[in-house]
Amino acid sequence: MLQNCNLMRMQFKMPVMTHLFWVAFIITYLFCMSTIYGIITVPEEMFDVKNALEVLSLIKLLSIRLTFGVVFLSIYPVLLLTSIKWSNYFVVAVTAWCIAMYVDDLMVLNKIIEYPERGLIAIIQSIRPILILSLIWMSFELSIKSSVER
Amino acid sequence: MNNKKLDVEEINALLESFSELRVTADNVQQNRIFKSVLIFINIYVLLFITTFILLQQNIIAAFNEELLADYFDVFYGRSYANMWFLASLNITVYFNLGVRVLLSGYLIWSLNSAIDNLVLFSGSFDASQAPYLFVYIATSPLLIFALIAALFLHKSYLK
């Protein structure tokens, strides 16, 4: 039993990171959780019913992103506690994906999806660059940390 | 002349560093499969861009004008992004510098686009209504596989 506990302690090790990293970590988590809450509880009257196709497209897209958010929230802490190298790869991939989604939404999908103009989703939409900045900072710090460890 | 931002010596140094980079890149012989994959990516993306330019200019007929008008902006935006990625990919392969970083970025973007296309357009139309869009959506996994293959086959330095 004691041996198993020691083994667990060896496998799960709290990484030593800067305060800024943990601030970015908390911002990312708060953002993802409020997004999930916003998507689940969004009231129907928030949408413009005249643009049914746009609303349907948005709902389809949000359901996929919701799954993606849940997977990220569950995998990231486990990776962070077990391996800096793999958490670095994971965060870099997620950052690139978030940037791709943001640019895609702004430049390509803006005409076929319709975000609600008020409420939590609208606030989340406006603070997306902050999430991207937080992810970039975490990627940057994890890259340095993993290259130092190597 | 004092106001010049770069003098002749600095320009020469810059050109020399580029030619040195080319010499280093020439020393690394890429795998034949990698070259084939790269040619495939070029042909696929160029065909995609050409199709959308031809559709936009009304040179080839759209089977369902109304449907195309709804989704045209999406595919046109994607064709532009593909063009920039393709140009950057060819430049990085030429200098053998940052190829993997660019391929990773391109792969993630393509994956995101493929998922978005699949989610947004599934059930919206069938092959007879918009064959070009349908072919693009159906064949987008090919580009993803090609990018993954290129990522694994690329040699960045001499072993």
Side-chain angles (χ1 to χ4, degrees), chain A residues 39 47-48 50-72 75 85-86 88-115 125 128 131-132 135-136 139-140 142-144 146-147, chain B residues 45 48-49 52 56 64 66-86 88-89 92 98-125 129-130 133 136-137 140 143-144 147-148 151-152:
Chain A
I39 293 170
F47 293 107
D48 183 2
K50 285 175 204 157
N51 300 322
L53 183 71
E54 282 85 345
V55 173
L56 186 71
S57 302
L58 178 72
I59 290 169
K60 279 182 183 175
L61 206 63
L62 286 183
S63 55
I64 289 292
R65 289 181 183 178
L66 180 77
T67 319
F68 174 68
V70 171
V71 170
F72 170 74
I75 292 178
K85 185 185 154 195
W86 287 105
N88 176 32
Y89 290 149
F90 183 72
V91 172
V92 169
V94 170
T95 308
W97 197 302
C98 282
I99 295 170
M101 283 196 291
Y102 186 61
V103 173
D104 228 31
D105 278 6
L106 276 186
M107 301 184 80
V108 181
L109 301 176
N110 60 344
K111 284 182 186 161
I112 68 152
I113 54 171
E114 175 116 357
Y115 280 103
Q125 190 61 10
R128 264 170 89 178
L131 167 81
I132 291 171
L135 284 168
I136 289 173
S139 311
F140 174 69
L142 282 169
S143 301
I144 291 173
S146 99
S147 63
Chain B
V45 174
F48 169 56
I49 294 168
F52 283 97
Q56 192 208 24
N64 186 335
E66 201 184 320
L67 181 83
L68 194 68
D70 280 344
Y71 299 126
F72 196 80
D73 291 320
V74 176
F75 289 96
Y76 202 61
R78 296 225 193 284
S79 70
Y80 260 107
N82 264 312
M83 186 192 76
W84 286 111
F85 269 120
L86 187 71
S88 316
L89 179 65
T92 52
V99 181
R100 284 205 172 143
V101 175
L102 196 96
L103 278 170
S104 310
Y106 197 3
L107 176 66
I108 287 171
W109 181 80
S110 306
L111 212 59
N112 179 52
S113 306
I115 292 170
D116 281 359
N117 287 343
L118 206 69
V119 170
L120 293 173
F121 305 128
S122 59
S124 304
F125 58 85
Q129 281 181 307
L133 303 188
Y136 169 62
I137 293 171
S140 54
L143 179 67
I144 293 167
L147 288 170
I148 294 170
L151 195 61
F152 281 104

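For the numbers below, each heavy atom of this structure counts, side chains included, while hydrogens, waters and symmetry mates do not. Lettering follows sequence order; numbering is per chain, from 1.
Nearest heavy-atom pair across L111(B) and W97(A) is CD2-CZ3, 3.6 Å.
In this structure, R65(A) and I115(B) have side chains that are not in contact, with every pair of non-hydrogen atoms separated by 4.5 Å or more. Using a 4.5 Å cut-off on side-chain heavy atoms (C-beta onward), W109(B) and I99(A) make no contact.
Both the backbone and the side chain of M101(A) come within contact range of chain B, judged by heavy atoms closer than 4.5 Å. Of the two parts of L61(A), the backbone and the side chain both hold a non-hydrogen atom closer than 4.5 Å to a non-hydrogen atom of chain B.
Note that CD1 of I64(A) and CG of N112(B) are 11.0 Å apart. Values are rounded to the nearest 0.5 Å.
Residue F140(A) qualifies as open at atom CZ: its count of foreign heavy atoms under 6.0 Å is 12 or below. Under a cut-off of 6.0 angstrom, the local environment of CE in M107(A) is sparse, with at most 12 non-hydrogen atoms contributed by other residues, nucleotides or ligands.
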With side chain to side chain contact (heavy atoms under 4.5 Å, CB included) as the test, would you mind laying out the steps for V108(A) and Y80(B) before giving the verdict?
-> CA-CA 10 Å; V108(A) 181; Y80(B) 260 107; over 6 Å; no
